[in-house]
2 protein chains.
Amino acid sequence: MPSMESNTDTQQRILDSARELIYARSYADVGVAAICEHAGVKKGSFYHFFPSKRDLTLSMLDAVYADLKETLVMKAFAEDIPPLARLDRFGQLAAEFQQQMHQSTGVVLGCPFGNLSNELATQDETIRIRIEQIFTNLQVVIRKVLREAVDEGEIKNLNIEATAQAMLAYFEGVMLLAKSQNNTKILSQLMPAMSQIRINTI
Amino acid sequence: MPSMESNTDTQQRILDSARELIYARSYADVGVAAICEHAGVKKGSFYHFFPSKRDLTLSMLDAVYADLKETLVMKAFAEDIPPLARLDRFGQLAAEFQQQMHQSTGVVLGCPFGNLSNELATQDETIRIRIEQIFTNLQVVIRKVLREAVDEGEIKNLNIEATAQAMLAYFEGVMLLAKSQNNTKILSQLMPAMSQIRINTI
DNA sequence: ATTATAGTTGACCGGTCGGTAAAGTCAACT
DNA sequence: AGTTGACTTTACCGACCGGTCAACTATAAT
């Protein structure tokens, strides 16, 4: 007598398990069987909902970004403080999240998008493009806050597009370094410098 | 009739093949068999020289760093120009190398250490530590140049250790972003900002 | 010439990989 | 009651994974 109490929360459990396992390890190290076992689902069900491991990964990326947007981004970029202070708050919240994950897992996990990009960007163009789009979306958020800072006269002669890219790059780099050192202290030490980066016009 | 013309250039060919293949793809995607085939070596010979794939990877990391030091670092940080200009030269040379690899392989490969760190840091502590050491060595080089700039009065009130870490983080982040976009243009656009990063004391 | 050693070869191992197929089970609709 | 279709279960597939082993060959020292 199979459970079948739930219509599509099986799909959700697969998504959640993939997210948790792949984030903690890597795409290649986490097999479909491991995802199914963690989700309490048989492999046949997996392939009923997802045509392939790659498709699951694409859906997972969308889900992680949707979650990031809802929780981290919306909270950090709320307009209750000055524009550049929102960038600092974004860095702080990200650092706090990494510290929590470090406490519960014993390792610094870094950025889920940066991790997958470095592992798969040269192997799977579709996944690479999905990650690229996510990074672009984040840059748009940063650009908006920079434009606001420029309009308020807080900064002058700023190349907004380049600076947004540079800030995101710095953010990803700090995450990567923290992961390579398995150390979250450098997050709180280095993150505040993100909002100070400037690439000027002329 | 086996060749056996060479004593230990078999070992070198294995090292070179691993380096080329893993850099272009990933640790997990490149099997021992693929490395052997590329090196023109049988699997048994592989395990005569290396006890495991992991050990090969550790040796490979050392070889890549030794090469980086000999070519890129020594050239970039030669003392024929002012200290901060050497950082810019390092960024330029790295960008040029990425452009060459992009032309020959069709994809932006990024930093070999950053790639492996993001893929394996949570799975293999030994490899993680080796990469951490390499990053520390690079920071030492950057610190030296920053100390020189401070001594010459080019900068004041600088937190040298934190700034060196921030510059390396920025460098790695720019590499990661370029790889995720499969685009080398952002390298030349963003790299010059590396030498402008400052984390001050007080 | 014999022996010791380093290096090579090819066949092989159990385990796991992503993915498939068919039978079975449930809920909803007719 | 019978049918449909979504979902689950079980068993299975060929390919490949990292790694092993014993036999073999070349080289150099004795």
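Only this structure's heavy atoms are used, side chains among them; waters, hydrogens and symmetry mates stay out. Proteins come first, then strands; the chains are lettered A, B, ... in the order of their sequence lines, and each starts at number 1.
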Can you list every pair that meets side chain to side chain donor-acceptor pair (under 3.5 Å) and has a residue in residues 131-147 of chain B, with sequence neighbours left out?
B:R128-B:E132
Tabulate below the donor-acceptor pairs under 3.5 Å that side-chain atoms of residues 31-51 of chain A make, not counting sequence neighbours, or state none.
| residue | atom | partner | partner atom | Å |
| --- | --- | --- | --- | --- |
| A:H38 | ND1 | A:S17 | OG | 2.8 |

Quick one: B:I14 CD1 to C:dG7 P, roughly how many Å, whole number?
11 Å
Starting at NZ of A:K42 and ending at P of D:dC12, how long is that distance when rounded to a whole Å?
15 Å
Just how far, in rounded Å, is C1' of C:dG18 from CG of A:D124?
14 Å
C:dT8 OP1/OP2 closer than 4.0 Å to side-chain N/O of B:T10
yes
Quick check for you: to the nearest 0.5 Å, what is the distance between B:D9 atom CG and B:L15 atom CG?
11.5 Å
Spell out protein contact along nucleotides 16-21 of chain D as letters: B when the base is contacted, S when just the sugar-phosphate is, - when no protein heavy atom is under 4.0 Å; keep the 5' to 3' order.
--BBBB
Nucleotide of C:dG10, C:dG7, D:dT9 approaching B:H48 most closely (side-chain heavy atoms):
C:dG7
For A:I35 and C:dT16, what is the distance between atoms CD1 and P respectively, to the nearest whole Å?
16 Å
Indicate every side-chain donor-acceptor pair of residues 193-200 of chain A with a distance under 3.5 Å to a residue at least two apart or in another chain.
| residue | atom | partner | partner atom | Å |
| --- | --- | --- | --- | --- |
| A:S195 | OG | A:D88 | OD1 | 2.7 |
| A:S195 | OG | A:P192 | O | 3.4 |
| A:R198 | NH1 | A:S195 | O | 2.8 |
| A:R198 | NH1 | A:Q196 | O | 3.4 |

Taking salt bridge (charged side-chain N to carboxylate O under 4.0 Å, His left out) as the definition, give me every residue that meets it alongside B:E96, ordered by chain and number, with sequence neighbours left out.
none
Let me have the donor-acceptor pairs involving side chains of residues 62-72 of chain A, under 3.5 Å, with sequence neighbours excluded, atom names and distances please.
| residue | atom | partner | partner atom | Å |
| --- | --- | --- | --- | --- |
| A:D62 | OD1 | A:R130 | NE | 3.0 |
| A:D62 | OD2 | A:R130 | NE | 3.4 |
| A:D62 | OD2 | A:R130 | NH2 | 3.2 |
| A:D67 | OD2 | A:R19 | NH2 | 2.9 |
| A:T71 | OG1 | A:D67 | O | 2.9 |

Return the set of residues passing side-chain hydrogen bond (donor to acceptor under 3.5 Å, both in side chains) with B:T163 (not counting sequence neighbours), or none when no residue passes.
none
Rounding to 10 degrees, work out the angle separating the end axes of the helix from C:dA1-D:dT30 to C:dT30-D:dA1 (five pairs an end).
10°
Apply side-chain hydrogen bond (donor to acceptor under 3.5 Å, both in side chains) to A:D16 and list each qualifying residue two or more places apart in sequence or on a separate chain.
A:Q12
